Amino acid sequence: MTPAPRSVAAAAALLLAPALPAGASTFGDVDRGAALWAQCRPCHEIGEAARNKIGPNLNFVFGRKAADVDDFRYSEAMQRARNEGLVWSLDTLDKFIAQPNAVVPGTRMGFPGLSDPAARADVLAWLRKNSDNPRDIPEAPPTAVGTDHSVAPEILAIVGDAEYGAYLASECLTCHRAGGAMEGIPSVTGWPQEDFVVAMHAYKDKVRDHPVMQMMAGRLNNEEIAALAAYFADLGG
Amino acid sequence: MVLDRRHFLGTSVALTATLAAPVVWGQANGRPKVVVIGGGPGGATAARYIAKDSDGGIDVTLVEPTRDYYTCFFSNLYIGGFRDLASLRHSYGALASVYGINVVHETAVGVDRDARTVTLSCGAVLPYDRLVISPGIDFVEGSVPGWDVSAQHAMPHAYKAGSQTELAKAQVAAMPEGGLFCMIAPPNPFRCPPGPYERVSMVAHVLKQTNPRAKILIADPKEKYSKQALFEEGWQAHYTGMIDRLGPDFGGGNVMVDPGEMTVDIDGEVTRVDVCNVIPAQKAGRIAELAGLTDETGYCPIVPATMQSRLDAAVHVLGDAAHQGDMPKSAFAANSQAKVAAMAIRGALTGSKVFPAKFSNTCWSLISPENGVKVGATYEATEEKIAKVDGFISQTDEEAALRQATFEESLGWYAGITADIFG
Ligand SMILES: Cc1cc2nc3c(=O)[nH]c(=O)nc-3n(C[C@H](O)[C@H](O)[C@H](O)COP(=O)(O)OP(=O)(O)OC[C@H]3O[C@@H](n4cnc5c(N)ncnc54)[C@H](O)[C@@H]3O)c2cc1C
């Protein structure tokens with residue numbers, strides 16, 4: 001499959017984005033890319049049974065319009081980019097993963113960006129190979145910082161009280177943006193509840209480092225974490 | 001007694017207010033009414049959460065004289081050249097248009113707690129079922145002998161943001177080569193405990209580039225101050241030999257100023273200075289005092305679980321004006337307290353569910369470019385006070401990458417909290 005030509009509007013939008021590296025024209029090394037994919041895997045799945053997680057599945061992403069996965073709730077920013085004609089190609093993907101917020105200002109993709117052009121070429125080579133052949137993906141266990149923490153099934157099974165979650169969440173919204181925009185602080189809206197619960201317990205159990213989040217999670221009990229997960233899962237758009 | 005509790009700001013305004021037949025707004029509809037005095041992090045957050053979460057079930061009026069709010073938080077970064085003034089400015093447009101809050105740009109001049117009304121500078125009288133008051137701070141008169149508000153042009157405080165901050169920045173820029181910047185630091189308790197020292201860092205950053213032989217002198221009545229080890233480490237590393245601090249042992253608590261002569265008298269020794277940043281002792285905003293809500297500390301005692309005044313259950317006091325216990329006077333704290341109060345008020349007026357109060361705070365400070373530090377804590381409501389539960393502070397000797405991440409986080413926090421306050 002050849003990458004679709006990118007639309008004029010998206011090209012214009014990309015040209016306006018400040019100080020981006022020049023567009024990529026080549027794919028890099030697939031094997032090196034496989035290792036780099038570990039940085040995307042906390043949020044994205046790819047392959048036959050790929051589900052939407054914190055981010056949409058990335059099957060057949062080359063040539064796909066932005067915000068095109070039906071049952072994923074994209075940010076308004078990503079939907080706007082789609083309406084302006086953004087289509088994923090080697091070039092647009094390269095710019096996006098270099099600095100997500102510069103290409104789609106207000107995107108909920110909580111990833112700071114890969115500044116090394118060679119690393120981007122490698123990960124895109126891997127993505128291209130596997131995205132277009134989703135059957136070829138070996139089922140790899142997730143290695144995410146937040147999601148590799150094991151949480152007891154009975155804790156994951158707690159059904160959160162979203163009304164309580166709304167009150168508890170008001171404390172989080174001093175830092176995390178309700179609409180999902182991210183700027184120095186990651187977005188936590190629209191996450192699958194399980195990923196959310198696991199991330200919070202990773203801080204609570206001090207498996208994941210961060211003084212603010214360890215403190216915030218440290219005083220929440222299991223029900224409160226479930227309540228927050230329920231509330232944030234439905235927030236944003 | 002009704003008359004005893006009728007308090008007014010300034011007699012001329014009071015006269016107009018009593019003589020003119022008072023206009024009483026919004027009595028026609030039956031929704032419960034909340035009046036909020038002060039549109040800072042405390043008041044504006046409370047107004048927004050009450051309006052948003054009651055879905056129009058509560059009639060909310062926000063009284064705030066200024067049309068544009070300039071945040072004190074990040075105003076030091078403006079002084080340091082890291083932000084422009086416009087980035088500190090926020091309007092009340094979304095609170096009015098999106099959240100249906102009646103935003104009134106007037107000053108509250110009196111509160112009649114028996115009649116449950118607030119009188120505005122225009123003479124209008126607003127009835128309330130619950131009053132929220134978050135007027136910030138005012139300065140204690142005479143706390144720095146020789147200084148009063150009429151001298152704030154010669155010796156700015158820059159502790160209420162806007163023109164004062166602009167003035168302080170301009171004065172630093174205009175300092176003569178090798179000149180002296182003096183800060184008179186305030187005694188506890190005051191707004192933003194690390195604020196004066198972050199300011200010194202930012203002034204030092206500017207001087208290092210434009211006027212490297214200039215010096216900074218701090219006269220400080222306090223033994224210790226917030227994040228002291230972190231600031232001292234940073235000053236040593238980045239502004240070597242530029243900053244001197246005289247604590248109480250060296251007369252830092254015995255200070256007089258002469259704004260006409262631009263001199264500072266520290267424990268009898270008179271020094272000519274080029275810029276003098278006087279940050280006086282502080283107390284709750286004047287309207288809280290006039291409403292009879294303050295105690296001997298100059299601040300308003302509150303019930304931690306709801307932020308209700310201990311003197312009047314129909315009034316909630318938030319932010320810098322509250323005498324609440326362990327939380328610092330910060331925008332983060334005011335915003336956190338506002339959410340607890342909003343929940344309690346909705347519960348009382350509409351019967352919505354009430355949950356246990358939770359409070360938190362984090363304060364970032366910038367020491368030099370991309371060198372951010374932070375201190376934070378969580379709190380709970382006890383009978384007696386808002387009590388600290390757990391906390392953390394940045395460590396000395398941290399790596400540059402961590403300091404940079406901390407700084408970037410603070411930018412995210414600013415964007416987040418201002419969206420949370422102003423919509
Ligand atoms: C230099 C500096 C740096 C700071 N940095 C930080 C920081 O990094 N992080 C942080 O969390 N905090 C910081 N702060 C502290 C923060 O600015 C205050 O704690 C916060 O603004 C308190 O909010 P508030 O709602 O209590 O009062 P304010 O923000 O002072 O708001 C009070 C409002 O009430 C209005 N008002 C007063 N009287 C009346 C009346 N009679 N009628 C109607 N309206 C009235 C005023 O116009 C004002 O808008 C800093 C402060 C300073 C000075």
Side-chain angles (χ1 to χ4, degrees), chain A residues 76-77 99 101 105-108 110-113 115 145 160-189 203-204 206 208-221 223-225 227-228 231-232 235-236, chain B residues 41 45 48-49 52-53 330-336 338-340 342-344 346-347 352-362 364 372-380 389-395 398 402 404-421 423:
Chain A
E76 274 170 32
Q99 240 179 305
N101 234 323
T107 178
R108 234 171 49 211
F111 180 70
S115 55
V145 262
D161 169 355
E163 192 183 350
Y164 188 24
Y167 166 65
L168 292 170
S170 66
E171 187 161 46
C172 321
L173 295 176
T174 305
C175 292
H176 296 284
R177 306 287 292 276
M182 57 157 293
E183 200 179 318
I185 293 181
S187 159
V188 297
T189 51
Y203 289 121
K204 186 176 165 66
K206 309 225 186 289
R208 185 167 171 185
D209 245 355
H210 193 273
V212 173
M213 283 310 303
Q214 287 188 351
M215 177 182 80
M216 299 303 300
R219 70 158 165 177
L220 296 168
N221 62 34
E223 282 70 28
E224 289 171 331
I225 289 176
L228 282 160
Y231 176 78
F232 276 108
L235 192 68
Chain B
T45 306
R48 178 168 168 269
Y49 271 77
K52 172 170 80 71
D53 294 341
S330 72
F332 201 124
N335 170 268
S336 172
K339 291 164 185 173
V340 168
M343 173 189 61
R346 278 198 305 123
S352 65
K353 255 201 222 168
V354 176
F355 302 103
K358 277 191 155 75
F359 304 92
S360 57
N361 179 64
T362 299
W364 287 265
V373 292
K374 63 186 168 191
V375 56
T378 52
Y379 306 84
E380 66 187 6
V389 178
D390 185 19
F392 68 86
I393 182 164
S394 296
Q395 302 298 304
E398 281 173 347
L402 178 56
Q404 181 178 348
T406 302
F407 171 62
E408 280 165 11
E409 228 172 82
S410 75
L411 301 178
W413 166 77
Y414 186 88
I417 193 172
T418 51
D420 198 43
I421 297 168

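Just so it is clear: chains get the letters A, B, ... in the order the sequence lines come, proteins before strands, and each one is counted from 1. Since the model is a prediction, treat every value here as computed from it, not as a measurement.
- Side-chain contact between Pro211(A) and Lys374(B) is present, with at least one heavy-atom pair separated by less than 4.5 Å.
- Between Ser170(A) and Met343(B) the shortest side-chain heavy-atom distance does not fall below 4.5 Å.
- For chain A, the nearby part of Asn335(B) is the side chain; its heavy atoms alone come within less than 4.5 Å.
- In this structure, Trp413(B) and Cys175(A) approach most closely via the heavy-atom pair CD1-SG, 3.7 Å.
- In this structure, chain B has heavy atoms under 4.5 Å from both the backbone and the side chain of Tyr164(A).
- Atom NE2 in His176(A) sits 12.0 Å away from atom CG in Asp420(B) (nearest 0.5 Å).
- At a 4.5 Å heavy-atom cutoff, the contact between Arg177(A) and chain B is made by side-chain atoms alone.
- With chain A as partner, the option from Ala342(B), Ser352(B), Pro356(B) having the largest number of non-hydrogen pairs under 4.5 angstrom is Pro356(B).
- Contacts of Ala419(B) with chain A are made by side-chain atoms alone, with heavy-atom separations under 4.5 Å and no backbone atom involved.
- Of the listed residues (Met215(A), Met182(A), Glu171(A), Gln214(A)), the one with the most heavy-atom contacts under 4.5 Å to chain B is Met215(A).
- Going from atom NE2 of His210(A) over to atom CZ of Phe392(B) covers 7.5 Å, rounded to the nearest 0.5 Å.
- Options Ala377(B), Ser336(B), Gly391(B) differ in how many heavy-atom pairs under 4.5 Å they form with chain A, and the most are formed by Ala377(B).
- Only the side chain of Asp161(A) comes within less than 4.5 Å of a heavy atom of chain B; its backbone N, CA, C and O stay farther away.
- Heavy atoms closer than 4.5 Å to chain A are found nowhere in Tyr414(B), neither backbone nor side chain.
- Shown here for Leu220(A) and Lys358(B), the closest heavy-atom pair between the two residues is CD2-CE, 4.2 Å.
- With chain B as partner, the option from Leu168(A), Leu173(A), Thr174(A), Ile185(A) having the largest number of non-hydrogen pairs under 4.5 angstrom is Thr174(A).
- Of all the listed residues (Asp390(B), Thr418(B), Ile393(B)), the one sharing the greatest number of non-hydrogen pairs under 4.5 Å with chain A is Asp390(B).
- From Glu380(B), atom CD reaches atom CZ of Arg219(A) across 8.5 Å, with rounding to the nearest 0.5 Å.
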